[in-house]
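Structure, as structure tokens:
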Amino acid sequence: MLKYKDLINRAQNIFIYNKITVLLVTLTSLIVAIFIWNGSKNHYDSIVQNKFETAVNENVISIQRRMSKYQNILQSGIGLFYASENVTREEWHSFIRAIDIKKNYPGMQGVGFTKMIAPEEVVRTEQEIRREGFASFKIRPEGKRDIYSSIIYLEPMDRRNMQAIGYDMFSEPTRKKAMETARDTGIASMSGKVTLVQEIDEDVQPGMLIYLPLYKKGAITDTVQARRDALIGFVYSPFRMNDLMNKIVPESSILNFEIYDSDNISEDNLLYRSYGSLSYNSKYHTSRELKIDNFTWYIRFHSTKEFDDSMDSSYPLLITTIGLSIQLFLVYMILMLFKSREMLKHQANELLKLSQALEQSPSSILITDLKGNIEYANKAFCQITGYSKDEIIGKNPRFLKSGKTESKLFAQMWKNLSNGKTWEGEFINKTKGKEEYIESIKAAPIFQPDGAISNYVAIKEDITEKKHSEEQIYYLANYDPLTGLPNRFQLKERLRHTIHAAKRNGEIFTIIFLDLDHFKDINDTLGHDAGDVLLVELSKRFRSILRRVDTASRLGGDEFIFLLPNTDKDGASHIALKLLDIIDKPVDYQDNELLVTASIGIAIYPKDGEDQKTLFKNADSAMYKAKKEGRNKYRFF
């Protein structure tokens with residue numbers, strides 16, 4: 001044992017005092033130190049670059065999502081036109097007020113409708129708009145053109161939007177190009193940079209517009225020429241770019257950016273700039289092309305001085321100093337540094353993978369074992385559900401169940417996965433705060449090289465907002481936004497089913513046409529708000545006296561139609577008297593009592609008609625008979 005220690009001591013002495021060995025150790029240490037410094041610097045720069053790129057991707061996704069959301073509003077406007085025989089200014093106002101774009105869709109200057117007008121229709125159109133209260137309305141700019149367009153509706157009707165009524169957007173080349181693209185493709189189209197006619201003060205901002213074409217109801221639009229022939233106008237929205245971007249993208253300490261409407265980067269094509277002037281030379285910068293329907297934005301991103309300063313680190317220098325300070329343990333350090341370098345490379349790969357999965361993916365991701373217990377969950381999953389990773393790792397996802405998803409869906413999913421197949425579907429789940437949300441799921445097994453299944457992965461997307469938007473569009477297309485009663489479209493659907501059932505079973509039913517007497521006087525004297533209050537209250541009263549199978553529908557204005565299945569003449573008389581009675585009771589409005597009467601016309605199937613058109617016509621004729629005979633009464637056809 002002593003001899004062994006002597007040999008060790010002797011070897012150490014030789015190592016220390018051998019000049020050649022010291023020189024080699026020193027040179028090798030310097031080489032290793034340079035290698036360490038360069039590797040650590042590259043690694044750190046890669047992490048910073050990834051952080052910058054992540055912020056860029058989040059901004060791009062935020063802009064893309066919001067613009068898609070805004071286009072859904074234009075689609076709902078198209079739905080309103082298809083659901084109504086004639087969309088009045090009041091209906092358009094009520095529609096936009098119900099959506100509340102200032103609250104729910106910040107950054108939109110408004111939502112409007114512009115109509116295509118032939119030269120011979122210009123005078124008649126101007127006269128019609130003037131009769132609606134716009135005494136000085138005129139299509140502008142003046143001059144002869146092959147075709148005109150005019151902004152008819154634009155809500156909310158604030159001071160800026162009032163300036164746009166009557167403007168012919170088809171007369172200006174940039175707007176015209178976007179309108180023609182939308183017309184010929186049938187999908188939304190965005191314009192290039194313009195100055196909006198709403199710019200009426202010193203705060204002039206670059207602007208742009210999005211157009212969605214409105215074609216004639218029932219027209220076949222499978223070719224470009226057919227779409228041109230069927231065009232009525234456009235539902236559109238103007239945007240002031242500074243107002244829009246300040247609502248979409250929060251102020252960032254990481255990056256600044258510019259948006260151009262062309263790949264020719266110049267001030268003439270600049271749509272938006274998040275900073276006043278860029279005198280600082282950024283360390284990190286990149287460009288993105290964001291395609292929105294038929295148009296492309298070119299976005300340039302720059303890191304801020306605050307971000308660059310915060311990312312400066314002494315980390316590479318510290319590692320180098322440590323390497324130089326332990327020259328006497330060169331061999332040991334070389335081994336350890338090589339090991340550390342491999343670990344750093346492995347960690348860099350893991351960080352990159354996690355960064356891409358957690359920070360860049362808008363979808364939530366779960367990885368479970370074969371029993372369904374969670375082994376991995378990304379940041380998006382935690383944000384959606386409200387649970388931290390510590391609360392969910394090791395648990396089965398069944399703790400998210402709301403009880404509203406059918407059990408057979410879960411059974412089908414696990415059957416597919418255990419058989420090595422993918423599965424797609426939708427679940428209604430609950431967050432930690434007990435709030436329900438709807439998610440779209442794509443699940444698949446993870447196979448090992450030998451073909452065995454080791455895990456399951458699920459990619460999920462929160463589609464609650466999308467579902468609610470679809471429900472809202474359905475409601476606006478089928479129900480009157482003021483009273484909540486079924487509209488003309490919904491009434492026709494129910495009447496079609498009633499006629500079919502009556503023919504099959506030999507039944508009868510009643511159509512009641514009700515028109516309020518002198519309703520216009522209330523609007524003219526007390527304003528439309530008073531008229532709205534009256535219509536809402538009367539609609540509640542109508543529902544209170546009807547059966548569940550009956551339908552009370554508002555056609556528009558002060559006209560209502562009632563569909564009463566299995567109701568004969570006596571039953572119709574009974575309901576008509578009850579309607580006259582509840583209408584006769586006053587409605588309180590501020591310090592006034594609103595008093596109206598009604599004229600009612602009744603048609604009975606099949607005696608007074610066997611189809612919808614005839615029944616409506618005959619009930620309408622009976623109603624006018626009641627009006628001629630003094631009003632406040634009902635008459636049969």
Side-chain angles (χ1 to χ4, degrees), residues 47 50-51 53-55 57-62 64-65 69 250 254 343 346-449 452-469:
I47 293 175
N50 287 338
K51 186 172 182 179
E53 292 289 337
T54 296
N57 291 333
E58 288 176 347
N59 274 31
V60 171
I61 291 172
S62 178
Q64 194 169 35
R65 282 182 172 176
K69 183 179 179 181
I254 295 180
M343 290 177 62
H346 177 71
Q347 290 174 358
N349 291 332
E350 288 298 315
L351 285 173
L352 181 60
K353 179 178 69 176
L354 291 174
S355 175
Q356 292 172 338
L358 301 179
E359 302 298 333
Q360 298 180 21
S361 174
S363 302
S364 62
I365 300 173
L366 275 185
I367 297 178
T368 73
D369 61 18
L370 296 181
K371 294 181 179 179
N373 297 321
I374 299 172
E375 292 185 350
Y376 170 80
N378 70 346
K379 183 178 179 181
F381 178 87
C382 295
Q383 289 175 338
I384 291 173
T385 63
Y387 291 94
S388 67
K389 288 190 177 182
D390 292 338
E391 293 175 307
I392 60 178
I393 297 299
K395 291 185 178 180
N396 192 288
R398 66 171 64 95
F399 69 88
L400 296 172
K401 284 185 177 181
S402 66
K404 294 187 177 180
T405 302
E406 294 182 358
S407 299
K408 65 180 182 181
L409 282 180
F410 294 105
Q412 183 63 50
M413 178 185 71
W414 288 114
K415 179 180 179 181
N416 279 31
L417 293 178
S418 60
N419 290 332
K421 300 178 181 179
T422 60
W423 183 87
E424 294 184 16
E426 295 178 4
F427 289 161
I428 302 175
N429 285 336
K430 277 189 177 181
T431 66
K432 184 178 180 180
K434 305 304 180 183
E435 294 180 359
E436 290 184 0
Y437 67 99
I438 306 171
E439 62 179 9
S440 171
I441 299 176
K442 293 183 179 179
I446 298 177
F447 295 94
Q448 294 302 306
I453 299 174
S454 62
N455 296 89
Y456 301 121
V457 61
I459 301 176
K460 307 182 177 186
E461 182 180 1
D462 186 350
I463 59 173
T464 308
E465 184 176 330
K466 177 182 177 182
K467 288 288 186 179
H468 289 170
S469 295

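- Under the 6.0 Å cut-off for aromatic ring centres, F427 and F410 qualify, their centroids lying closer than that.
- Between the S62 side chain and the E58 main chain, no donor and acceptor come within less than 3.5 Å of each other.
- Side chain of N378 to main chain of I365: a donor-acceptor pair is present (N/O by atom type, distance under 3.5 Å, no hydrogens or angles).
- Taking each heavy atom of S363 and E461 in turn, the nearest pair found is OG-CB, 4.3 Å.
- Within a 6.0 Å radius of CD in E426, more than 12 heavy atoms belonging to other residues, nucleotides or ligands are found.
- If you take CD on E435 and NZ on K430, they are separated by 10.5 Å, rounding to the nearest 0.5 Å.
- Taken from NZ in K389 to OH in Y376, the straight-line distance is 5.0 Å, to the nearest 0.5 Å.
- Taking all atoms of both residues into account, the shortest heavy-atom contact from P397 to G372 is CD-O, 2.9 Å.
- In plain terms, the two heavy atoms of D369 and N455 that are nearest each other are CA-ND2, 3.8 Å.
- Ring centers of W423 and Y456: at least 6.0 Å apart, outside the cut-off.
- Rounding to the nearest 0.5 Å places OG of S364 at 6.0 Å from CD of E439.
- Across every non-hydrogen atom of Y387 and L400, the tightest pair is CE1-CD2, 3.9 Å.
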For this session: Assess whether side-chain contact (heavy atoms from CB on, under 4.5 Å) is satisfied between I392 and F381, documenting all intermediate values.
Result: CA-CA 10 Å; I392 60 178; F381 178 87; 3.4 Å; yes
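- Of the N and O atoms on the side chains of E53 and N57, not one donor lies less than 3.5 Å from an acceptor on the other residue.
- Nearest heavy-atom pair across I453 and S418 is CD1-O, 4.3 Å.
- Note: I441 CD1 to I459 CD1 = 11.5 Å, rounded to the nearest 0.5 Å.
- Considering every non-hydrogen atom in both A377 and L366, the closest pair reads CB-CD2, 3.6 Å.
- Residue Q412 holds its CD atom at 8.5 Å from NZ of K421, rounded to the nearest 0.5 Å.
- For the atom pair OG (S440) and NZ (K460), the distance works out to 11.0 Å, reported to the nearest 0.5 Å.
- When each of L409, N416, L417 is paired with M413, the side chain to side chain contact (heavy atoms under 4.5 Å, CB included) condition holds for L417 and for no other.
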Exercise. T368 and N373: side-chain contact (heavy atoms from CB on, under 4.5 Å), yes or no, with the steps?
Worked result: CA-CA 5 Å; T368 73; N373 297 321; 5.8 Å; no
